[in-house]
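Worksheet for the structure shown next.
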Amino acid sequence: MSAPFVPHTEEEIGEMLAFLGLSSLDELFSTVPAALRLAGGLDLPRQQSEADVVHRLEVLGTRNRPVGRSLVCFAGAGAYDHEVPAVVRSLASRSEFMTAYTPYQPEVSQGVLQAIFEYQTMVARLSGLEIANGSLYDGAASLVEGVNLAVAATGNSKILLSGGVNPRWRAVLSTFSKGSGHELISVPLTDGITDFNDAAATDSAQVGAVVIAFPNFLGCLEDVAAARSVADRTGARLVVCFDPVAAGLLKTPGSLGADVVVGEGQGLGTPLGYGGPYLGLFACHASDVRRLPGRLVGETVDIEDRRAYVATLRAREQDIRREKASSNVCTNQTLMAVTAAIQLGWLGTVGLREVALRSARAARYTREALTAIDGVEPAAGAPVLREFAVRLPVPAELAIDRLVEEGYLAGVAVREGYEGTDVEGTLLVAATERRTREEIDGFAASLEKVVR
Amino acid sequence: MSAPFVPHTEEEIGEMLAFLGLSSLDELFSTVPAALRLAGGLDLPRQQSEADVVHRLEVLGTRNRPVGRSLVCFAGAGAYDHEVPAVVRSLASRSEFMTAYTPYQPEVSQGVLQAIFEYQTMVARLSGLEIANGSLYDGAASLVEGVNLAVAATGNSKILLSGGVNPRWRAVLSTFSKGSGHELISVPLTDGITDFNDAAATDSAQVGAVVIAFPNFLGCLEDVAAARSVADRTGARLVVCFDPVAAGLLKTPGSLGADVVVGEGQGLGTPLGYGGPYLGLFACHASDVRRLPGRLVGETVDIEDRRAYVATLRAREQDIRREKASSNVCTNQTLMAVTAAIQLGWLGTVGLREVALRSARAARYTREALTAIDGVEPAAGAPVLREFAVRLPVPAELAIDRLVEEGYLAGVAVREGYEGTDVEGTLLVAATERRTREEIDGFAASLEKVVR
Amino acid sequence: MSAALPGGRALSAPLMGHETEPTLFELSVSGRRASSFRTSSLPEWSAEELVPAELLAASPVELPEVSERDLVAHFTRLSHRQYSVDLGAYPLGSCTMKYNPKVCDEAAAAAAFAHVHPAAPPSCTQGWLELLVELEEQLCAITGMSAATLQPAAGAAGELTGLLLMRRYHEARGETRTRVIIPGSAHGTNPASVTLGGYQVTTVGTNERGGVDLDSLRAALDDDVAGIMLTNPSTLGLFEEDIVEIAAAVHEVGGLLYYDGANLNAILGIVRPGDMGFDIVHLNLHKTFATPHGGGGPGAGPVAVSKHLVQYLPGPRPVRNSDGTFGWATPEHSIGRIHSWHGNALVLLRAWTYLRLHGADGLLAVAEIAVLNANWIKGQLRGTYDIPYDRPVMHECVVSAETLERETGLRALDVAKRLLELGFHSPTVYFPLIVHEALMIEPTETESPQTLAALADALLLIAREAQEAGEASAAKQAPRTTPVRRVDEARAARKLVATYDQRP
Amino acid sequence: MSAALPGGRALSAPLMGHETEPTLFELSVSGRRASSFRTSSLPEWSAEELVPAELLAASPVELPEVSERDLVAHFTRLSHRQYSVDLGAYPLGSCTMKYNPKVCDEAAAAAAFAHVHPAAPPSCTQGWLELLVELEEQLCAITGMSAATLQPAAGAAGELTGLLLMRRYHEARGETRTRVIIPGSAHGTNPASVTLGGYQVTTVGTNERGGVDLDSLRAALDDDVAGIMLTNPSTLGLFEEDIVEIAAAVHEVGGLLYYDGANLNAILGIVRPGDMGFDIVHLNLHKTFATPHGGGGPGAGPVAVSKHLVQYLPGPRPVRNSDGTFGWATPEHSIGRIHSWHGNALVLLRAWTYLRLHGADGLLAVAEIAVLNANWIKGQLRGTYDIPYDRPVMHECVVSAETLERETGLRALDVAKRLLELGFHSPTVYFPLIVHEALMIEPTETESPQTLAALADALLLIAREAQEAGEASAAKQAPRTTPVRRVDEARAARKLVATYDQRP
Ligand SMILES: Cc1ncc(COP(=O)(O)O)c(C=O)c1O
Ligand SMILES: Cc1ncc(COP(=O)(O)O)c(C=O)c1O
């Protein structure tokens with residue numbers, strides 16, 4: 001017996017076995033039917049030293065091209081290259097936050113509990129609603145839960161789903177709707193904006209949720225009021241997929257009429273990380289709190305009347321409500337929520353606005369630079385913010401591959417599940433506050449070479 | 001007024017100035033003679049954002065070639081590429097250790113105090129003496145302090161200094177001897193080993209210290225007993241420069257007769273870091289403790305009789321003893337001492353031995369591989385451990401430059417201040433436990449190309 | 001500018017006292033800031049030029065305005081109010097709170113992995129893809145399955161994925177089944193997932209040895225049963241002895257067996273779910289493979305399946321191309337995507353690292369010692385605490401304070417709170433639901449015999465104190481040394497204050 | 001295998017209680033290990049084959065044998081028993097315990113800098129060399145000097161370097177001078193360095209305004225005086241008003257002026273030592289430029305000099321070559337090397353980062369606010385504590401508990417201990433030596449007005465408690481909330497136990 005993190009010496013094992021009246025470790029597994037026992041051991045290599053494993057990781061690492069100075073990032077589509085300062089990494093990686101679990105014992109978990117409470121407050125403010133939970137897996141998971149809440153609240157299971165919602169999230173919603181039985185009805189975009197005209201035909205009595213994104217997948221700013229009136233007409237909940245960074249400039253979805261606000265919180269301090277772990281944001285009205293998925297931290301007092309925090313309304317959750325729970329989430333993304341609270345604390349009121357503003361400026365400058373190239377056209381006319389789509393005279397995938405060689409991650413090809421717009425050669429480009437004029441000019445010059 | 005880490009708002013500054021009856025920040029400096037005031041401000045660029053500074057650091061970083069997969073390290077000469085596991089970095093970088101200062105208030109400094117106490121214990125064991133201090137700047141500083149102790153203890157200021165001591169340390173000793181007035185008498189090497197025959201002529205009554213290195217700069221294992229008898233004959237203290245990693249295999253200097261043991265602790269968890277911060281190790285007999293330089297932590301109790309640690313024998317130190325203090329050290333290298341304690345805890349009895357053994361194997365294999373090359377000869381015959389010198393048919397600097405292109409940091413050219421051996425084309429090569437057979441074979445093959 | 005909101009005072013850090021730590025909102029002073037951004041010479045268009053007036057916020061969202069120094073002090077002090085594995089033993093049953101190797105943290109922080117955009121083309125991500133493919137292969141080797149999806153972000157997400165696979169499997173065979181069987185001892189995520197998967201829960205009973213009651217199971221089985229969800233060892237820490245019979249019975253009616261891998265730690269290298277007859281397996285990488293729990297996540301819950309289900313797996317999946325390069329492919333009959341991207345990639349990387357560090361021999365030792373530790377501590381507690389199903393356990397043991405409660409008033413909750421004072425996190429209490437006053441103790445293999453002995457001593461001490469002092473025992477007052485003492489949970493729910501803005 | 005040595009119990013972490021943390025030696029169990037190494041197929045020569053028998057250790061040196069898990073728990077718990085800037089205010093006078101920006105930690109950890117071998121040829125270190133040259137230029141701009149050595153590892157090393165430069169300067173002029181003047185308020189390193197530099201100390205008095213007594217100075221000056229060491233502002237926090245006269249008088253007799261830069265924070269961008277007439281300046285980068293103090297180091301103490309001393313600087317020095325590349329050069333009349341390598345390079349890198357983050361405008365603001373904070377807190381304490389030299393201070397203020405001590409028995413030490421309970425690190429006490437019951441308070445610019453107010457309130461409270469309760473006041477019992485209470489320092493010295501092996 002030998003494993004790198006098992007402390008037991010042979011002698012200690014012997015003593016412990018003796019106490020149990022056993023003579024070998026193998027006898028511990030006497031309750032496992034002999035026929036099932038794995039004969040030759042696992043078909044895996046033997047253990048390796050830390051140094052060996054690190055060496056192998058370094059080799060694998062050389063086969064990746066992270067974004068940075070040698071691959072300038074213009075890709076977005078739900079994952080953004082925003083500034084994350086050292087202080088956020090430093091605090092979020094403190095081992096007390098890293099190596100604790102769900103705060104079941106509040107007396108020794110005030111650190112995580114208070115951080116989540118602060119996070120909830122920030123997300124509630126950003127969304128413009130009263131209540132936010134302690135995190136869900138990612139933006140897609142939040143969307144699924146938001147729709148579930150809407151259906152449970154209204155009793156109606158038809159979903160009017162805007163084509164402007166991130167296609168990956170729509171795909172996830174579609175996957176899970178096989179279980180929940182929700183009927184997804186796609187509402188197409190016209191010139192980048194959801195066009196509810198045809199949706200009017202839908203049997204309004206059965207609509208549980210109207211779902212739009214603000215800004216939407218193409219970076220366009222939707223008419224939330226129009227969606228709100230569709231929701232009003234049908235008695236549905238309005239679910240808005242929002243972007244917490246754009247919230248630095250825009251009116252909150254709540255103030256525009258959203259009942260449920262969901263979003264991806266990656267931009268709030270979490271690295272690109274090849275897509276995860278990210279952070280599902282979720283907010284709703286106080287009146288819906290009993291249907292809220294996931295953990296919720298509340299403020300209370302201890303027996304000495306000191307302010308204290310605790311996981312509350314636990315009766316909603318799966319461990320107590322079991323098959324009647326509205327959500328099955330247990331482990332969520334607490335560390336990313338703590339990270340977001342730290343990042344938002346670092347940004348502050350002015351900083352968040354600045355990120356949004358600088359990103360919007362960079363995006364506009366990029367859009368002007370790219371569309372000045374012969375053959376490159378804007379793909380939608382609506383007002384855009386940090387992200388926008390252009391139509392290229394060459395397939396988007398080809399342009400992306402060629403631009404990687406030039407040192408630019410040009411964007412994301414619009415293809416998978418994207419409806420309502422001609423996607424041939426459509427490239428989705430994002431520019432954050434980290435993009436400089438020199439980088440954008442270089443990118444445009446390289447794109448020009450590629451499409452020429 | 002604006003600085004990135006100053007929290008004060010303009011309004012707050014105004015209120016504070018008002019409290020002081022002042023109307024501008026400038027008035028705070030009324031006691032500075034006007035004629036001295038800097039007119040145009042500092043001749044420095046304006047403040048930059050974290051992101052900008054990081055960007056510039058990345059650019060500068062690309063102009064360095066750190067050791068690692070693309071520059072395999074065979075350089076030593078007092079700075080070694082030993083394994084440092086993630087756990088050591090993780091613990092040593094905890095902000096409680098990083099952002100505290102000298103533990104003047106023991107009640108809130110038990111963390112650092114206990115860590116130093118554990119470090120002192122480990123260094124005492126490694127050196128084979130009873131007392132170790134809480135660190136000095138580096139190996140050279142420890143040597144200087146060791147010699148000072150010896151001179152103070154014996155009242156004699158002649159120093160018999162082996163040519164096998166690291167030439168950089170000898171240079172430092174020489175610099176400081178201008179102030180202390182010690183007379184350094186070089187004792188040359190014969191075939192890699194200190195030859196005390198000529199030194200016998202020195203007026204033995206005035207010798208305060210005999211200094212040798214074990215292993216010495218050429219990696220050779222000195223005859224400590226011979227040095228001990230010179231010390232005995234002259235009434236001098238025997239100061240031994242030791243290597244804490246070699247201590248994993250060798251008898252302790254204390255058991256071989258050293259009175260003072262000094263050394264460089266970089267190999268115990270501290271990165272190469274372009275030469276610093278490193279860790280000066282220092283140990284002596286209990287009978288010399290009142291001459292010990294630097295901080296010393298002792299165990300005691302608090303008023304509730306709980307075990308507690310405190311900086312002790314403070315009366316030795318400069319802040320109390322002032323011009324009569326034997327040393328002027330104040331800020332030392334505590335964080336590196338804490339790091340070394342963690343690293344030695346990680347290594348354990350068996351691990352330290354293994355590092356020494358694996359390094360010695362790698363060095364022997366490297367030595368055999370290099371000296372198998374036509375024209376490459378061993379530079380000394382004495383038994384060597386982790387490091388050894390070879391004589392090349394080309395200038396060592398040239399070989400080093402050529403081998404960098406091949407991906408190897410070949411070693412260190414023996415030149416500066418090195419006496420007693422023909423240094424023409426002499427290359428000092430080190431191999432640690434991190435060197436693999438493949439790396440060594442590749443190195444030898446490249447060297448063969450270079451000398452051919 | 002009074003002393004109302006001290007920023008730099010550490011009175012809330014337990015080292016210096018037990019005062020309340022102000023919220024970041026209370027530390028905020030309008031006009032302060034910590035953030036800064038890259039210099040750029042882009043045109044400085046105003047917000048009004050960039051956003052239509054009707055969508056532009058009239059005033060920005062209020063966030064705390066603090067200096068970097070105060071931000072650091074606040075969260076560092078909060079961290080000092082948080083127990084964690086790195087501070088001491090955390091024998092929280094069912095959660096496998098083992099030590100998380102530090103090298104995994106560095107691996108996950110390396111720019112070469114952490115700064116890769118998830119939509120970057122495969123030419124930019126060969127290292128990542130190779131790692132993911134290797135991880136999938138290793139997880140399959142460990143579970144005895146054919147292929148896996150790495151997308152699920154946690155165990156519960158894996159469960160729902162598994163149920164959708166089950167559904168798709170039956171649908172492909174033209175069958176519509178409505179029920180999924182779970183034992184009463186199951187974790188709450190199982191029944192919740194069943195509902196979300198569009199099935200009804202049928203609960204089966206537990207026999208007197210703590211296993212699934214075979215008669216009750218057979219009675220429940222018919223061709224309306226889509227499958228059964230089991231964790232083996234069960235939440236009682238017991239190996240399901242009748243697993244072969246169970247598998248046969250479920251397969252007989254055309255159902256599938258779902259393995260809840262939360263307890264996989266106990267059987268690494270000993271027995272594989274695939275060999276027991278399971279068709280679908282989720283793993284909790286944050287439990288078994290030591291990716292840190294992060295105060296409640298992130299985790300990762302890959303789902304591995306047997307051959308006949310591979311075609312339904314979520315996609316796209318990382319694959320090894322025939323030319324040795326790596327890419328993405330979606331199974332022909334995939335149930336679709338279940339994560340925004342590829343799953344919790346940096347968590348997967350940690351697990352990959354852990355698996356490499358352990359290898360076949362290391363993983364076997366993990367299981368052996370985890371089981372040794374659990375049995376040892378159970379042995380120590382026997383005679384003082386009740387042991388509901390007293391037979392050899394696997395990686396955890398469930399004991400009960402039922403008799404103690406009756407005789408001395410000591411409840412499981414009191415034991416938990418007193419244990420905090422004694423320097424340990426508490427075990428899981430009141431779970432599984434089928435055991436009264438349950439204390440579910442999972443020491444894990446990374447705790448030393450000395451730690452176990454101290455833990456056992458503490459638990460015995462608490463019982464002894466209760467036997468001697470009854471309601472006056474220390475446990476009833478506990479905890480007294482923690483930053484806050486017993487917290488009023490009822491009030492939290494009654495007068496909900498879920499944000500700083502809702503404070504009265 | 002008893003519970004004697006619990007490894008995983010957090011009872012010593014203040015969060016859970018105040019028990020003693022065992023030493024790592026007590027956590028050790030023979031046969032345990034955490035370490036592992038690279039796999040290699042080198043020949044496995046035995047120790048006996050590699051080392052002559054007479055030098056081979058009979059048995060290996062005993063070190064603690066612990067698991068990685070216990071190593072982590074131990075040092076994490078120790079960290080919870082340690083106050084630090086990141087937890088709260090640390091107004092330790094003369095030490096400039098400002099907030100250390102986190103970005104500097106990452107900068108110093110980057111492999112591109114941290115893994116460079118100090119003997120690597122300049123072709124491998126152009127980035128490092130450029131950075132060092134830039135740092136030297138910036139330090140010269142800040143101090144008004146011509147060139148600097150970056151070798152000294154701390155302030156005291158800088159002092160000795162400066163004194164050796166002084167010595168070499170005089171020697172080069174064929175003079176042998178024997179005395180160096182320092183004021184009575186000087187830091188202990190100054191007189192100690194003077195001795196090590198081979199000089200005798202002549203102490204000059206302090207005038208009633210807290211400055212150097214000019215008459216006393218003039219009386220001490222003759223051509224045997226090598227120079228004077230001053231810190232300006234002085235350790236009383238006061239700007240030396242007569243600095244121009246002092247400089248003239250010292251230069252008149254052919255002496256040099258040495259500037260102890262420990263207090264440079266106060267005058268950044270306001271006035272430069274060079275312009276005051278100093279010839280040699282050391283800087284404490286760990287104070288002024290926020291490189292963290294590390295529990296007592298590492299620091300860095302570069303020494304900058306005026307034109308006529310450049311030729312004597314230690315070498316080799318990083319230099320800009322005429323072709324724009326960077327290399328090393330040793331000044332012609334160099335005093336020689338004073339560090340094993342190039343100084344505390346990673347500390348220098350932190351300072352470089354800090355300087356870039358601040359620039360000219362940021363550094364000026366640092367000084368302004370540091371001085372504002374010190375004056376503000378002094379103003380708050382006036383009337384309650386004695387203020388020995390009550391005129392505008394610079395970055396720190398020295399107050400005294402002399403009257404309080406006389407009237408209530410409250411000593412500076414009691415104030416310090418009670419302050420710990422109230423959530424602050426204490427000021428420096430009993431320094432400078434010329435002030436009785438001194439409390440030397442240096443808030444630094446990174447503490448907010450709110451923190452200052454809380455600190456002032458705490459200091460006023462302590463005085464009030466003493467006035468009301470005298471010997472029964474809280475301060476006499478303090479600290480009560482810390483991991484240990486008043487520590488028996490006398491016993492530590494009397495019965496020295498400096499290693500675990502010396503325990504009785
Ligand atoms: C037995 C069991 N099943 C399932 C789960 C759910 O896993 P997760 O929390 O990762 O969603 C848990 C987690 O606590 C568990 O203990
Ligand atoms: C005024 C003064 N001078 C000199 C020093 C010595 O500096 P160092 O501790 O870096 O050696 C100090 C440090 O405390 C100091 O405060």
Side-chain angles (χ1 to χ4, degrees), chain B residues 1 3 7 25 28 31 42-44 46-47 53 60-61 63-66 91 94-96 98-102 106-108 110-112 121 137-138 140 171 175 179 271 273-277 298-300 302 307-308 312 318-319 322-323 325 328 331-335 348 351 353 360 412 436, chain D residues 20 35 40 50 60 65 75 78-79 81-86 112 114-116 118-119 124 126-127 141 153-154 156 188 191-193 197-198 201 239 271 292-299 336-337 340-342 344-346 356 359-360 362 365 368 371 448-449 482 484-485 487 492 497 499-500:
Chain B
M1 127 43 235
L25 287 168
L28 287 165
T31 57
L42 290 171
D43 185 18
L44 294 176
R46 283 183 61 82
Q47 61 185 278
V53 177
L60 286 176
R63 299 183 194 147
N64 289 333
R65 290 201 53 191
L91 293 173
R94 285 191 62 83
S95 69
E96 296 88 342
M98 290 270 283
T99 72
Y101 201 17
T102 307
E107 295 83 357
V108 293
Q110 289 296 301
V112 164
T121 304
Y137 307 134
D138 60 6
T175 303
Y274 205 37
E299 185 186 309
T300 181
D302 77 351
R307 200 198 284 180
T312 192
Q318 43 72 29
D319 52 336
R322 302 180 71 84
E323 62 264 35
N328 69 340
T331 297
N332 52 33
Q333 309 275 123
T334 299
L335 192 61
R353 188 169 186 284
V412 176
T436 62
Chain D
T20 300
S35 52
S40 173
L50 294 161
E65 299 182 73
F75 283 102
L78 283 187
S79 78
R81 297 164 76 78
Q82 180 63 46
Y83 192 71
S84 63
V85 171
D86 278 10
H115 294 164
V116 174
C124 297
Q126 288 295 301
S193 298
V201 170
F239 193 84
V271 52
H293 287 68
R337 174 179 280 289
S340 295
W341 297 100
H342 324 307
N344 281 346
L346 292 173
R356 286 245 158 198
E368 288 174 339
V371 172
S448 67
T482 45
V484 296
R485 297 184 54 202
V487 169
V497 180
T499 69
Y500 182 72

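Chain A is the first sequence line, chain B the second, and so forth, proteins listed ahead of strands; every chain is numbered from 1.
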Give a yes or no answer on whether the side chain of [X] reaches the backbone of [Y] with a donor-acceptor pair at less than 3.5 Å.
X: B:T331; Y: D:G297; value: no
X: B:T31; Y: D:F239; value: no
X: D:Q82; Y: B:E96; value: no
X: B:N64; Y: D:A112; value: yes

Select, from [options], the one with the greatest count of heavy-atom pairs under 4.5 Å involving chain D.
options: B:Q110, B:R65, B:E323, B:R353; result: B:E323
options: B:D43, B:L60, B:T312; result: B:L60
options: B:S95, B:G351, B:G275, B:P106; result: B:G275
options: B:P277, B:A140, B:G348, B:G61; result: B:P277
options: B:L44, B:T99, B:T300; result: B:T99

#### Entry: D:V484 portion near chain B, given a 4.5 angstrom heavy-atom threshold
both
Where [X] and [Y] come nearest, the two heavy atoms and their spacing:
X: B:L25; Y: D:E368; value: CD1-OE1, 3.4 Å
X: D:Y83; Y: B:A100; value: O-CB, 3.4 Å
X: B:L335; Y: D:P298; value: CB-CD, 3.8 Å
X: B:P271; Y: D:A114; value: CB-O, 3.6 Å
X: D:R356; Y: B:V53; value: CB-CG2, 3.7 Å
X: D:R485; Y: B:D302; value: N-OD2, 2.7 Å

With only heavy atoms counted, which part of [X] is less than 4.5 Å from chain D, the side chain, the backbone, both or neither?
X: B:R307; result: both
X: B:L91; result: side chain
X: B:T334; result: both
X: B:R94; result: side chain

### Message
Which residues pass the ring pair (Phe, Tyr, Trp, His ring centres under 6.0 Å) test with D:F75, not counting sequence neighbours?
### Response
none
Heavy-atom pairs under 4.5 Å with chain B are the metric here; pick the option from [options] that has the most.
options: D:S193, D:A156, D:G362, D:A119; answer: D:A156
options: D:V201, D:T20, D:D86, D:T482; answer: D:D86
options: D:A192, D:P292, D:G295; answer: D:G295
options: D:A345, D:P60, D:G336; answer: D:A345
options: D:A154, D:S340, D:A141; answer: D:S340
options: D:G359, D:G296, D:G198, D:G127; answer: D:G296

### Query
Mind checking whether B:Y101 and D:H293 have parallel, tilted or perpendicular rings, split at 30° and 60°?
perpendicular
### Summary
CG of D:N344 to CD of B:Q333, rounded to nearest 0.5 Å, is 4.5 Å
#### Entry: Non-neighbouring partners of B:T436 that pass side-chain hydrogen bond (donor to acceptor under 3.5 Å, both in side chains), sequence neighbours left out
B:E438
